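What follows is a set of notes on a single structure, which appears directly below.
Lettering follows sequence order; numbering is per chain, from 1. What's counted below: heavy atoms across the whole structure, side chains too, no hydrogens, waters or symmetry copies. All figures in this text were calculated on a predicted structure; none of them were measured in a lab.
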Number of protein chains: 2
Amino acid sequence: MRGHAARVIRMCPARPAVTRETVLDQALTLFAERGYHGTPLSEIAEALGIRTPSLYNHMGSKHELLETILTRTLDEVLADFAAAVRDVDGPAARLHAATRVYALRHATHRREALVVNRDTTSLDEPDLSRVRERRREHERAVRAIIIDGVGTGGFQVGDPALASFAILEMSVSIARWFRDDGPRTAEQVADEFAGYALRIVRYRP
Amino acid sequence: MRGHAARVIRMCPARPAVTRETVLDQALTLFAERGYHGTPLSEIAEALGIRTPSLYNHMGSKHELLETILTRTLDEVLADFAAAVRDVDGPAARLHAATRVYALRHATHRREALVVNRDTTSLDEPDLSRVRERRREHERAVRAIIIDGVGTGGFQVGDPALASFAILEMSVSIARWFRDDGPRTAEQVADEFAGYALRIVRYRP
DNA sequence: CCAGCTAGCTAACGCTCATTCGTCTGGCGA
DNA sequence: TCGCCAGACGAATGAGCGTTAGCTAGCTGG
């Protein structure tokens, strides 16, 4: 720390401190609601209680906000996956764990998921390819589990790629309808979807 | 006809005729690629080989283009569903038919599906509620089939709403990865996904 | 108590976008 | 052949956007 880490600054006592993280958080909320192109910086600023140009004290550009959100999110998805399947043996248990953690993430990080699925195409080229490659990486990892299961674990599925798409994308959709105050908890939904995954690949214990 | 129906006008022989339908078609293509807010009218005009203001000879406003696309698409989805399950008896056969036609539509009408899923929120209020109600109508119809199947058709599913979400949204995702020149035909994918649907609800023949 | 940095503000710029208006032109009906 | 009109055009408008520049108040470290 450089002598003043986590310093709390508030010029007006009614206004909570604005930091790079609070800007990212508001951008995340509004991008998820209206989309990147549909969200003017003025709305982000207004939600934070400051004027638009003041945002530039906490960010480089609007584009960089999007890039940061997307990169962070995909890093977390891959980390989640790695942690979930580490020390788990057998294709059925691994597919169950991978689907569960992916579904859980889409229930608990709805905003991030909506932005990834809607606004990835708003990136421009160096980043776009990089982000897409990350998503493919995850899909390939899930597909590898399914292929493994077809060979050794009692899965019966005609096309592993098709099954992996179906499993991943039905999980993604959770972000579109899940509500924190709804009748089901995130964990319940994640467990149920993990069960769907095993049924899709026709796993018989 | 009023004396000149389907008249073919081309001021320059190299330029194909511009009509309301060709404008809608180009808007559909570009909205699907870049999103509604990310597509300027100038790009639609350029793709048609005319200048931007000339578009107004064929449309009311940019917003009306979006509204027309969304309304038409949802009408067709509901019509597809009704035609697919008409004269089909039994929850299993009905769920199979409903999923198959929905999946098939998302493989063959990718652009429409992408715009519906990305840009519905860009509508403003009278239309937004109307469009959302149509989607719910479809979801309720599919859920009703599942509930029926749980009671009488040998389905085993904890939460019919969850299952209907999973089935519908995994089908929606087809629009995101399906390619006409890919290794699988639209019919093959639709059949496979209809099978997934029956496995999700644990149907045993 | 002073220097300096942080982070806010107003003003302004340049650009793009959707939309309007008035004009012109070329093919069709009479 | 002549008048009409659908439809293309250029020019212009006004709003909104992201971004920059310059200024200022106040907290903090010395």
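- Atom P of nucleotide D/dT19 and atom CE of A/M59 are separated by 6 Å, given to the nearest angstrom.
- Nearest nucleotide to the A/P53 side chain, out of D/dG10, D/dA8, C/dT10: C/dT10.
- A close approach under 4.0 Å does not occur between any side-chain nitrogen or oxygen of A/S54 and OP1 or OP2 of C/dA7.
- In this structure, A/L55 places its CG atom 13 Å from P of D/dT20, rounding to the nearest Å.
- A/R105 and A/E112 are not joined by a salt bridge, as no carboxylate oxygen comes within less than 4.0 angstrom of a charged side-chain nitrogen.
- Atom CG of A/L65 is separated from atom C1' of D/dG18 by 12 Å (rounded to the nearest Å).
- The only option from B/R130, B/R135, B/R136 that meets the salt bridge (charged side-chain N to carboxylate O under 4.0 Å, His left out) definition with B/E133 turns out to be B/R136.
- Closest to the A/L41 side chain, of the nucleotides D/dG18, D/dA8, C/dC21, is D/dG18.
- The side chain of A/Y56 lies closest to D/dG18 when the candidates are C/dC9, C/dC17, D/dG18.
- Salt bridge absent: A/R110 and A/D180 never bring a charged side-chain N and a carboxylate O closer than 4.0 Å.
- Between A/R51 atom CZ and D/dT24 atom C1' the separation is 16 Å, expressed in whole Å.
- One interatomic measurement links the two molecules: CG of B/N57 to P of D/dA8, which rounds to 6 Å at whole-angstrom precision.
- Going from atom NE2 of B/H63 over to atom P of C/dC17 covers 18 Å, rounded to whole Å.
- Atom NZ of A/K62 is separated from atom P of D/dC17 by 9 Å (rounded to the nearest Å).
- Checked against D/dG7, C/dG8, C/dT19, the side chain of A/I50 finds its nearest nucleotide in C/dG8.
- Counting any heavy atom pair closer than 4.0 Å across all strands shown, B/T52 reaches a base atom.
- Checked by atom type, the side-chain pair A/T73/A/R111 shows no donor-acceptor distance below 3.5 Å.
- Distance B/E46 CD to D/dC9 P: 12 Å, rounded to the nearest Å.
- Within 4.0 Å (heavy atoms only), B/T39 reaches sugar-phosphate atoms of the nucleic acid but no base atom.
- Checked against a 6.0 Å centroid threshold, the rings of B/H63 and B/Y36 count as neighbours.
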